[in-house]
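Here is the structure we will look at.
Residue numbers begin at 1 in each chain, while the letters A, B, ... track the order of the sequences. Treat the numbers as computed from the prediction; the structure is a model and nothing was measured.
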2 protein chains.
Amino acid sequence: MNTLSYGLLSMLSQASFSGYDLMLKTQPFWPAKHSQIYPLLASLEREEYVRFEHVAQSERPDKKVYSLTDKGKQALREWLQQPAADPVTRDELMLKAYCLSYTDPDGASRLFAERLEYYRRKLRRHEATSCRFREEGDFPADGSAPPFDSPRFGSYVLLEKALRTARLNIEWTEWALALIANSR
Amino acid sequence: MNTLSYGLLSMLSQASFSGYDLMLKTQPFWPAKHSQIYPLLASLEREEYVRFEHVAQSERPDKKVYSLTDKGKQALREWLQQPAADPVTRDELMLKAYCLSYTDPDGASRLFAERLEYYRRKLRRHEATSCRFREEGDFPADGSAPPFDSPRFGSYVLLEKALRTARLNIEWTEWALALIANSR
DNA sequence: ATTCTTTATGTATCTATTTACATATAGCAA
DNA sequence: TTGCTATATGTAAATAGATACATAAAGAAT
C-alpha cells in the first residue's frame with residue numbers, strides 16, 4: 001500500500017467514483033496518469049479494500065464505480081493515525097531561475113508571464129469550484145465552514161489553501177515581473 | 001537530458017560544486033538522492049556538458065568539483081528558451097484531509113500541528129539563508145534586489161517566494177487548527 | 001570506547017511514474 | 001469527413017526516483 005493507494009481510498013470516503021473520476025480528482029495534490037490508477041484499483045479490489053459495480057451508460061462508455069469496503073475504511077482510520085510525510089514540490093521554473101542571467105530580460109519576462117497565466121487559470125478554477133460547492137450545498141451558503149463532522153470539512157480546508165496559494169503565487173510572479181521590467 | 005540534469009547545469013552556472021553540494025542545493029525545488037545525482041553527473045561528464053577536477057581535502061574525503069563546459073552553457077541557454085513545465089506538488093496531508101472525518105478533532109489537530117512545525121522550521125531556515133546572503137554580500141546589504149545581470153538575481157527571487165510561501169502556509173495551518181478547535 | 005552525524009562517492013535493486021500502445025463511443029469543429 | 005476532445009478502461013515498456021548496499025574519515029556526543 002503506497003501513498004497514492006491511500007489517496008484513492010481517501011477520495012472514496014466521500015463518495016463512490018470511477019477510476020477515471022479518481023484520476024481527475026487526485027491531480028491537484030497527487031498527480032497520476034490513468035495507467036497508474038487502474039492497476040492500483042485492481043490491486044485494491046483484489047485485496048478487498050474496495051469493491052466495484054459495472055454501471056452501463058447510454059451516451060458514454062460503461063464504467064466501474066468503486067466504493068470502500070469495511071476493510072478499506074479501517075485502513076483509512078489507521079493511516080490517519082500516522083503522521084503525514086513531508087510535501088514534495090518539483091518546479092522547473094525554480095531551476096531555471098538559477099541561471100536566469102543566461103538569458104535577457106525579455107526571455108525572463110516570457111518565462112514568468114507564462115507562469116503568471118498558469119497561476120491565474122488555477123485561481124479561476126478554484127474560485128469556480130468554491131462557487132459550485134456553495135451552490136450545490138456542499139458548503140454552507142453563508143460562506144461559513146462546514147462542521148468538522150461533515151465529510152466536506154476537508155474539502156473546505158483544502159480549497160481555502162488552494163485559493164490562498166494561487167493568490168500568493170500571482171502576487172509573487174507580478175512582483176518578479178516588475179523587478180525584471182525595472183532592470184530594462 | 002531530463003529536467004534534473006538541466007537543474008544540475010543550472011546550479012553550476014552560479015559556481016562550481018561537488019555532487020554532494022548539488023544534492024543539497026537541489027532539495028528545495030527538485031529533491032533527489034545522491035544515488036540519482038552521481039550517475040547523472042557521470043553521464044553529463046561523458047557527454048561533455050560538465051568537467052570535474054579532483055580536490056584533495058585533509059579533514060574530509062576528497063571530492064570531485066564540477067563546472068560547466070561551453071557545451072553545458074549553450075545547453076542552458078537553449079533550455080531557457082523553452083517554456084517551463086507546470087510545477088508538481090505531492091502532499092500526503094492533503095490526501096488525508098479528504099477523509100478527516102474518519103478521525104476525531106484531536107487526531108486532526110495532531111496532523112496539522114505537526115505540519116505547522118514543519119512550516120515554521122522551513123521559515124526559520126529561509127530567514128537564516130536570507131541573512132547569510134546579505135552578510136556574505138550575495139545580496140545588497142540595504143535589502144534591495146540584486147541587479148538582473150547579477151548571478152544572484154534568481155536566488156533573490158526564489159528566496160522571496162520561499163519566504164512568502166512559508167508564511168502563508170503557517171497562517172493557513174493556524175487557521176485550520178482554529179477551525180478544528182472551534183468544533184470541539 | 002562506541003555510537004551518531006556529516007562529508008564524500010559510488011552501485012544494485014526495487015518501486016513509482018510516465019509514455020506509448022490499444023480500443024470504443026459521442027460530440028464538436030474545420 | 002476528417003480530426004480533435006472528453007469519457008472510459010486497460011497493458012507494455014521505458015524512465016525517474018527511492019532504498020539498500022558499500023566504503024571511508026573526522027568530529028561530536030554519550
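Rounded to whole Å, atom P of C:dT9 lies 10 Å from atom CZ of B:Phe52. Note: CG (A:Leu40) to C1' (C:dT18) measures 14 Å, nearest angstrom. Between A:Glu92 atom CD and C:dT18 atom C1' the separation is 15 Å, expressed in whole Å. Here C:dT9 presents its P atom at 9 Å from CG of B:Asp62, a figure rounded to the nearest Å. Atom NZ of A:Lys63 is separated from atom C1' of C:dA24 by 16 Å (rounded to the nearest Å). Rounded to whole Å, the distance from CG on B:Leu4 to P on C:dT17 is 16 Å. Here C:dT6 presents its P atom at 11 Å from CE of B:Met23, a figure rounded to the nearest Å.
Evaluation of the ring pair (Phe, Tyr, Trp, His ring centres under 6.0 Å) test over residues 56-99 of chain A, restricted to residues two or more places apart or in two chains, returns A:Tyr6-A:Trp79, A:Phe52-A:Tyr66. Every pair passing side-chain hydrogen bond (donor to acceptor under 3.5 Å, both in side chains) that includes a residue from residues 8-37 of chain A is listed here, sequence neighbours excluded: A:Gln14-A:Arg152, A:Gln14-A:Ser155, A:Ser18-A:Asp21.
A:Phe139 is linked by a ring pair (Phe, Tyr, Trp, His ring centres under 6.0 Å) to A:Phe133, A:Tyr156, counting only residues two or more places apart in sequence or in another chain. For A:Phe17, there are no ring pair (Phe, Tyr, Trp, His ring centres under 6.0 Å) partners at least two apart in sequence or on another chain. A:Tyr49 pairs by the ring pair (Phe, Tyr, Trp, His ring centres under 6.0 Å) definition with nothing, not counting sequence neighbours. Under the rule for a side-chain hydrogen bond (donor to acceptor under 3.5 Å, both in side chains), the partners of B:Ser130 that lie at least two apart in sequence or sit in another chain are B:Arg134. Take A:Tyr118 and apply the ring pair (Phe, Tyr, Trp, His ring centres under 6.0 Å) test, not counting sequence neighbours, and it matches no residue.
Checking B:Arg90 against B:Val65, the closest nucleotide of DNA chain C that is more toward the 5' end is the one next to B:Val65.
Chain B approaches DNA chain D over the interval D:dA16 to D:dA26, counting the first and last nucleotide 5' to 3' with an atom under 4.0 Å from its heavy atoms.
Closest non-hydrogen pair, A:Ser5 versus A:Asn2, comes out as OG-OD1, 2.8 Å. Shortest non-hydrogen contact noted between B:Cys99 and A:Leu80 is O-CD1, 3.3 Å.
Taking five base pairs at each end of the helix from C:dA1-D:dT30 to C:dA30-D:dT1, the local helix axes there meet at an angle of 30°, rounded to 10°.
The environment of B:Glu48 atom CD is sparse: at most 12 non-hydrogen atoms of other residues, nucleotides or ligands sit within 6.0 angstrom.
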Please list, pair by pair, any protein nitrogen or oxygen found under 3.5 Å from a nitrogen or oxygen in nucleotides 25-29 of chain C.
from	atom 1	to	atom 2	distance (Å)
C:dA26	O4'	A:Glu59	O	3.4

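If you chain together ILVMFWY residues whose side-chain heavy atoms come under 4.5 Å of each other, A:Val65 ends up grouped with A:Val55.
Within residues 27-37 of chain B, the residues having any heavy atom closer than 4.0 Å to DNA chain C are, in order of number, B:His34, B:Ser35.
Salt bridge absent: A:Arg167 and A:Glu171 never bring a charged side-chain N and a carboxylate O closer than 4.0 Å. A salt bridge links A:Arg120 with A:Glu117: the distance from a Lys NZ or Arg NE/NH1/NH2 to an Asp or Glu carboxylate oxygen falls below 4.0 Å.
Both tests do not hold together for A:Arg115 against A:Trp172: distance to the six-membered ring centre under 6.0 Å, angle to the ring axis within 45°.
For the pair B:Tyr38 and C:dT9, the criterion of a side-chain N or O lying under 4.0 Å from OP1 or OP2 is met.
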